[in-house]
Number of protein chains: 2
Amino acid sequence: MTNQIIQELIDRYVTVSFQVHKKAESLIKGKIGDDLTNDQHYILRYISQSRECTSSELADAFEVNKSAITAIINRMADKGLIKRTRDENDRRVVYLTLTDEGNILYQNCQEKIQFLVESIITQFEESEIKNFINTYEKLAQILDKKKKEELGE
Amino acid sequence: MTNQIIQELIDRYVTVSFQVHKKAESLIKGKIGDDLTNDQHYILRYISQSRECTSSELADAFEVNKSAITAIINRMADKGLIKRTRDENDRRVVYLTLTDEGNILYQNCQEKIQFLVESIITQFEESEIKNFINTYEKLAQILDKKKKEELGE
DNA sequence: GTGAATAGTTAAACAGTTGAACTAAATTAG
DNA sequence: CTAATTTAGTTCAACTGTTTAACTATTCAC
């Protein structure tokens, strides 16, 4: 690739990734409504998909400090959406689970988001969207490696 | 596409887009350092690329309220990075420009981010990354249309 | 058993966001 | 030409998310 082509690709990538993220967040927010923030919805998703979810795991996945997770979980626990349970074997560990109320709210939002994403994905050819997601996943791996490199320096 | 395939694609997409966004933000933050937030850096980028940038335009691009932009611009103007200039023809309008200091800081960060993105992009075959960005841009358009549909309802 | 590591919390400080109320200027409609 | 409406932007209160540093409580390693 020539320098010029690379410059152009960088510019297009930076612009479009920003735009897509902002637009997607905005659409999802419209679906979720005022009961949850997007982050909170994603945390409910993460907890419901993980077998034994802890604050540290969330902090890792979200790439934020554990205290940021504590704050979010506090708010959601106050609203009765999440329950904390101490591990009896290692009493430092706290497992996070959805309450019934949290689960109902999550499923409700999830369904709407599912519809939204489906209505978007199905506008692409199957091969195009599959290639897209494949590259996206490769990108995630590369970013992960990059992150570890930077930390290792 | 069968329902099952669609479900799987939705799940992969939601997961990977979240991951890539978090990882990319985290890497960029590492490059920018403590002088700017990622949002602030992107605002500098936007202003420096736009000929006559206003708060309303930024609010539109960022999909947030104008008052959110006012708050960000206030902080950056206080730090001497951005200058406000009233339009003499339409005195409601305020144009935003970078100060020299703002421009130097921006260029400095921009260079590092450029290197970062380049080191990532060049790990893909030219055709793969081009296809990826093409689909990404198509996605941006679809999301835009979707947004307008939702507003129109 | 003592010192280091781990899981999580707390508190202060700040960035980002919303919604509503506001100012000031421009546009439009009668 | 005035009055009502729209537009650009700001202010304020309230809230979410984040970081950093200091802290508690527990477990691990030697």
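We name chains A, B, ... by the order of the sequence lines, and we start the count at 1 in each one.
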OP1 or OP2 of dT11(D) less than 4.0 angstrom from a side-chain nitrogen or oxygen of Asn74(B), does that happen here? yes

5'-most contact on DNA chain D: Asp87(A) or Lys79(A), nearest heavy atom basis? Lys79(A)

Without decimals, in angstroms, what is the distance between Ile73(A) CD1 and dG17(D) P? 10 Å

How far apart are the C-alpha atoms of Tyr46(A) and Glu57(A), what are their side-chain angles, what is the distance that settles it, and do they pass the side-chain hydrogen bond (donor to acceptor under 3.5 Å, both in side chains) test? CA-CA 10 Å; Tyr46(A) 196 99; Glu57(A) 195 184 333; 3.3 Å; yes

Given dA21(D), dT17(C), dT10(D), the nucleotide with the shortest approach to the side chain of Arg84(B): dT10(D)

How many Å lie between CG on Asp39(B) and C1' on dC14(C), as a whole number? 14 Å

Would you classify Asp90(A) as touching base, sugar-phosphate or nothing, given that sugar-phosphate means primed atoms plus P, OP1 and OP2, and contacts are heavy atoms under 4.0 Å? sugar-phosphate

Choosing from dA26(C), dT27(D), dT18(C), which nucleotide comes nearest the side chain of Ala68(B)? dT18(C)

Which nucleotide sits closest to the side chain of Arg92(B): dG16(C), dG9(D), dT7(D)? dT7(D)

Rounded to the Å, how far apart are Lys22(A) NZ and dG16(C) C1'? 9 Å

Which of dT17(C), dA7(C), dG9(D) is nearest the side chain of Ser56(B)? It is dG9(D)

note: Arg75(B), atom CZ; dA15(C), atom C1'; distance rounded to Å ~ 5 Å

With no hydrogens and no angle check, is any side-chain donor or acceptor of Ser50(A) less than 3.5 Å from a backbone partner on Ile47(A)? no

Which is true for Ile69(B) with a 4.0 Å heavy-atom rule: it touches a base, it touches only sugar-phosphate, or it touches nothing? nothing

Below 6.0 angstrom between ring centroids: does that apply to Phe62(A) and Phe18(B)? yes

Between Asn134(B) and Lys130(B) (side chain of the first, backbone of the second, donor and acceptor by atom type, cut-off under 3.5 Å), is there such a pair? yes

In this structure, how many angstroms lie between the C1' atom of dT17(C) and the CG atom of Asp60(B), rounded? 16 Å

Taking only side-chain nitrogens and oxygens of Ser67(B), does any of them come within less than 4.0 Å of OP1 or OP2 of dC12(D)? no

Which residue, Ala71(B) or Val94(A), contacts DNA chain C at a nucleotide closer to its 5' end, judged by nearest heavy atom? Val94(A)

In terms of hydrophobic clustering (I, L, V, M, F, W, Y; side-chain heavy atoms under 4.5 Å; direct or indirect links), are Ile142(A) and Leu116(B) co-clustered? yes

With the side chain of Lys29(B) defined as its heavy atoms from C-beta on, choose the nearest nucleotide among dA26(C), dT19(D), dT27(D). dT19(D)

For Phe132(A) and Phe132(B), take the angle between the two ring planes, folded into 0 to 90°, and tell me which bin it lands in: parallel under 30, tilted 30 to 60, perpendicular over 60. parallel

Atom NZ of Lys66(A) and atom C1' of dA5(C) are separated, to the nearest Å, by 10 Å

Which nucleotide wins on minimum distance to the side chain of Ser55(A), given the candidates dT9(C), dG19(C), dT10(D)? dT9(C)

To the nearest angstrom, the CD1-C1' distance between Ile72(A) and dT16(D) comes to 8 Å

Mind checking if Asn89(A) touches a base, just sugar-phosphate, or nothing, with heavy atoms under 4.0 Å? sugar-phosphate

If you assign each of Gln40(A) and Arg91(A) to its closest nucleotide in DNA chain D, which residue comes earlier from the 5' end? Gln40(A)

Could you state the atom-to-atom distance from CZ of Arg86(A) to P of dT24(D) in whole Å? 15 Å

